[in-house]
Amino acid sequence: MPHGAAHAILSDLPFRREQPRSPPPVRELVADLFRDALAAAVEAGEVTLPEVPEVRIERPRDPAHGDWATNVAMASAKAAGMNPRQLADVLAARIADHEDVAAVEVAGPGFINLRLSAHALQRVLVDVREQGAAFGRIDEGGGRRVQVEFVSANPVGPMHVGHGRWAALGDSMARVLEHAGWDVEREFYINDQGVQMDTFAKSVAARYLELCGRDVEFPEEGYRGAYIVEIAREIHTEEGEAWADASEAEREAHFREKAYAQVLEHLGRVLSGMGVEFDVWFSERTLHELAPESGASAIEHTIERLREAGHIYEHEGATWFRSTEFSDDKDRVLKKADGSYTYFAADIAYHADKYDRGFDRVINIWGADHHGYVKRMEAAVAALGHEDKLDVVIGQLVNLFRAGEVVRMSKRTGEMVTFEDLLDEVGPDAARYFFLRRSTDQPLDFDIALAKEQSSENPVYYVQYAHARICAILRKAAGADTSDEGVDIAATAAEFVRADAPLGLLDSDPELTLMRKLAEWPEVVEIAARQLAPHKLTRYAEDLAQTFHQFYTQCRVVDPDAPELTAARLYAVDATRVALATVLSLIGVSAPERM
RNA sequence: GCCCUCGUAGCUCAGUGGAUAGAGCGUCUGCCUCCGGAGCAGGAAGUCACAGGUUCGAAUCCUGUCGAGGGCACCA
């Protein structure tokens, strides 16, 4: 492609006059183009329409059809009494001369295809560089508060690999929602009450007594993992054998708390190790505690609230929630005949508490084994008057492979690879990246060997390599030794990448393709946030990395014989760096300057 | 038995009403005097499980069949 002589310097163009702001995503601009064209055509009397329909635009599947397409002519042809192609021709003619439009054509039954001008695409580079890490930030959330509750493992054992995936999902979802304008809080619900805790305590106590040389029978349903023995050994070392002669109840109560504290510490440490931090750790026990003023627990309060609303009845000594009124399969017991509360009762109280805390929306990430539980929870939330404010995302499980071979695990025998083991072996970047690559409700095959591989077959390296490669180019342009460990390119790029670079020179195919890909990012954020689908991020990351590698192969960046083109390309390359780093930050993976 | 999720290229998966259904891996064929080859270009590869329906248009929505996985407690 020829580089014309009279390219305008971007900084002289009108759009540069305005001060930094969050420019509307390209799609908004395109939608406005079509909207205005239709309105103008109606005004001019070329088209008669009772009312102007909502203009929907989309990206054509086939890039040969252009950057954007709309079916508005087909959608409103009937109302306008024209055939779709005729109407499309009228609209196309009205937008053909706009400075952001390179080409417009009517295709098929009446699609209007539009190709953005190089000018419109070059402007995206300025957006990226001006917004930095905020590039792609949108305001869909409008500052509303959303809580994301995830992992929520029972504190009775180490995190398994599935927990790790849900942690990556929840944290990334939270990051995406933040980028989409939501005020996000991350919460971990600790099921620290109930039979599992009892079983846990009994299991540790039994191992402890074994260490003391006592003859004990291990509880039939007890946890047999090696970690139980470790916890018991620790207590044995620290506190000696005094507990062997204590009463069973005392011993188990003590061990329950000791072991619980250890597991909580483990959970926090492992999650922290992969960059996941919670704002709130919510203990189920607090829901059972009696409030001093009322003498009643949060659970009792919540049941009373439902009773007043007419959703509660007594039957055969138990207290029931009429969840079938809210399209559950059957009614559910909240308070058992023996006077204790079901897990569900506590969970309703927990959700009531969430909404009392003022969240506009609550998102739960639950393991696949809880999906039969979704309907009744939705019913309960609806009965509390918060219909449509709950999203339950089901996180499917992870199957571990090693070079194609299934890694066998058994919870009963305690033979398993914990999430911590996996993290130690593949590192947090690969773990997080792989966990996000599949859609949430899809079981995931995780190949440990592949995750560790440093080759193009490993997508996380492919993406990170693009970032490192960009940094190498920038180092070279800055005159630094490429292998110089002391150069921090992210910090210094701003100084030597010229703000007045002649971006008009960027009009070859690889350059335009790169800019088009960058322009997509705000839409990716929007879709990922709306669909709660963080796997869109990894997909986009790989797309952007690939587009960059293609550009790199075809376009020499640093060329002493062409300083102006070099300046423009450096500008584009640095924008790509910023965008890649932003995408990776939402995935929760590092953007290395060297590898 | 009932409910939920899912059947798309050899494999792993994108694609929640639009045009000739896409990507990675695998498999062939090419590309290093050159900013990081951890890269790039090209080829072959499909009855979108099956059968009906809805409409201008269906991988996508509805119904049924077949197949896979998960869930069915006064358990958590």
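Order of the sequence lines sets the chain letters (A, B, ...), proteins ahead of strands, with each chain counted from 1.
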R438(A) CZ to rC25(B) C1', in whole Å, measures 10 Å

So, is K330(A) close to the rC2(B) phosphate, meaning a side-chain N or O under 4.0 Å from OP1 or OP2?
no

Write down the distance separating the C1' atoms in rG17(B) and rC48(B), rounded off to the nearest Å.
16 Å

Under 4.0 Å between a side-chain N/O of K336(A) and OP1 or OP2 of rA73(B), yes or no?
no

Under 4.0 Å between a side-chain nitrogen and a carboxylate oxygen: does that hold for D198(A) and R256(A)?
yes

Just to be sure I understand the rule, does V557(A) reach a base, reach only the sugar-phosphate, or reach nothing, if contact means heavy atoms closer than 4.0 Å?
base

Taking pairing as Watson-Crick or G-U wobble with both contacts under 3.5 Å, can you name the mate of rC32(B), or confirm there isn't one?
none

Using a 4.0 Å heavy-atom cut-off, does D369(A) contact any base of the nucleic acid, only the sugar-phosphate backbone, or nothing at all?
sugar-phosphate

For atom OH of Y540(A) and atom P of rG15(B), their distance in whole Å:
17 Å

Can you tell me which nucleotide in rC35(B), rA38(B), rA14(B) comes closest to the side chain of M595(A)?
rA38(B)

Can you tell me, in whole Å, how much space there is between the C1' of rU60(B) and that of rG43(B)?
31 Å

Picking from rC35(B), rU12(B), rC74(B), the nucleotide nearest the side-chain atoms of D445(A) would be rU12(B)

Of the nucleotides rC35(B), rA76(B), rC13(B), which one has an atom closest to the side chain of R556(A)?
rC35(B)

Which nucleotide in the list rG39(B), rA73(B), rG22(B) gets nearest to the side chain of R539(A)?
rG22(B)

Determine the contact category for Q464(A): base if any of its heavy atoms lies under 4.0 Å from a base atom, sugar-phosphate if only primed atoms, P, OP1 or OP2 are that close, otherwise nothing.
nothing

What's the gap between rU5(B) and rG10(B) when it is taken at their P atoms, as a whole Å value?
28 Å

Does rA38(B) have Y462(A) stacked on its base, where the ring centres are within less than 5.5 Å and the planes differ by under 30°?
no

Could you tell me whether E593(A) contacts a base, only the sugar-phosphate backbone, or nothing, with contacts defined as non-hydrogen atoms closer than 4.0 Å?
base

Measuring from the side chain of I473(A) (C-beta onward, heavy atoms only), which nucleotide among rG71(B), rC35(B), rG18(B) has the closest atom?
rC35(B)

Nearest of rA14(B), rC35(B), rA19(B) to any side-chain atom of K536(A)?
rA14(B)

Which of F435(A), Y433(A), F401(A) passes ring-ring contact (aromatic ring centres under 6.0 Å, His included) with F446(A)? It is F435(A)

Rounded distance (Å) that lies between atom P of rA14(B) and atom CG of D441(A)
8 Å

From C-beta outward on R594(A), which listed nucleotide comes closest to its side chain: rA19(B), rG36(B), rG69(B)?
rG36(B)

Taking only side-chain nitrogens and oxygens of Q546(A), does any of them come within less than 4.0 Å of OP1 or OP2 of rG24(B)?
yes

Is the aromatic ring centre of H549(A) closer than 5.5 Å to the centre of the six-membered base ring of rA38(B), with the two planes inclined by less than 30°?
no

Would you kindly give the OH-to-C1' distance between Y343(A) and rC74(B), to the nearest whole Å?
17 Å

Does F344(A) reach a base, just sugar-phosphate, or nothing at all? Heavy atoms under 4.0 Å.
nothing

Quick one: is Q550(A) getting a side-chain N or O under 4.0 Å of the rA41(B) phosphate, OP1 or OP2?
yes

Anti or syn, where syn is a glycosidic angle within 90° of 0; which label fits rC32(B)?
syn

Answer yes or no: side-chain N or O of N113(A) and base N or O of rA19(B) forming a donor-acceptor pair under 3.5 Å.
yes

Under 4.0 Å between a side-chain nitrogen and a carboxylate oxygen: does that hold for K335(A) and E300(A)?
no

Under 4.0 Å, heavy atoms only, any strand: does H535(A) hit a base, just the sugar-phosphate, or nothing?
sugar-phosphate

With R332(A) as the cation and W320(A) as the aromatic partner, state whether NZ or CZ is under 6.0 Å from the six-membered ring centre and within 45° of the axis.
no

Work out how far the P atom of rG26(B) is from that of rG53(B), and round it to whole angstrom.
43 Å

Please figure out whether L444(A) or D329(A) has its closest RNA chain B nucleotide nearer the 5' end.
D329(A)

From rG69(B), rG39(B), rA76(B), nucleotide with atom closest to Y465(A) side chain
rG39(B)

Sidechain N-carboxylate O distance under 4.0 Å for K536(A), E526(A):
no

Residue whose nearest RNA chain B nucleotide is more 5′ - W320(A) or G372(A):
G372(A)

Respond yes when some side-chain nitrogen or oxygen of K375(A) is under 4.0 Å from OP1 or OP2 of rG71(B), and no when none is.
no

May I ask which nucleotide in the shown strands pairs with rC13(B), Watson-Crick or G-U wobble, both distances under 3.5 Å?
rG22(B)

With rounding to the closest Å, how many angstrom separate the C1' atoms on rA59(B) and rC74(B)?
45 Å

Which part of the nucleic acid does A346(A) contact within heavy-atom distance under 4.0 Å: base, sugar-phosphate only, or nothing?
nothing

Can you tell which of rA73(B), rC6(B), rG36(B) lies closest to the side chain of Q442(A)?
rC6(B)

Decide, yes or no, whether a salt bridge links E257(A) with R285(A) under the criterion of side-chain N to carboxylate O below 4.0 Å.
yes

Can you check whether H266(A) and Y227(A) have ring centres sitting under 6.0 Å from each other?
no

On a whole-Å scale, what distance lies between the C1' atoms belonging to rC34(B) and rU20(B)?
39 Å

Taking CD from E542(A) and P from rC13(B), how many angstroms apart are they, rounded to a whole number?
14 Å

Using whole Å, report how far CG of L334(A) lies from P of rC75(B).
13 Å

Could you tell me the separation between the NZ atom of K335(A) and the P atom of rA73(B), rounded to a whole number of Å?
22 Å

Which part of the nucleic acid, if any, lies within contact of A337(A), taking any heavy atom under 4.0 Å across all strands shown: a base, the sugar-phosphate backbone alone, or nothing?
base

Judged by modelled atom types alone, do E495(A) and T492(A) share a side-chain donor-acceptor pair under 3.5 Å?
no

When we call it a touch if two heavy atoms are under 4.0 Å apart, what does A466(A) touch: a base, just sugar-phosphate, or nothing?
nothing

From CZ of F446(A) over to P of rG24(B), roughly how many Å is that when rounded to an integer?
21 Å

Would you please confirm or rule out a distance under 4.0 Å between OP1 or OP2 of rA14(B) and any side-chain N or O of S439(A)?
yes

With a 3.5 Å cut-off and heavy atoms only, can you find an N or O donor on one side and an acceptor on the other between the side chain of H371(A) and the base of rG71(B)?
no

Are a donor atom and an acceptor atom from the side chains of N364(A) and H351(A) found within less than 3.5 Å of each other?
yes

Just checking, any donor-acceptor pair under 3.5 angstrom between side chains of E187(A) and Y350(A)?
yes

Rounding to an integer number of angstrom, what distance separates rU54(B) and rU63(B) when you compare their P atoms?
15 Å

Nearest-neighbour nucleotide for the A318(A) side chain, rG15(B), rC74(B), rC35(B) considered:
rC74(B)

N191(A) near the nucleic acid: base, sugar-phosphate alone, or nothing, with a heavy-atom cut-off under 4.0 Å?
nothing

Using the P atom as the point on both nucleotides, what is the distance between rU47(B) and rA9(B), in whole Å?
8 Å

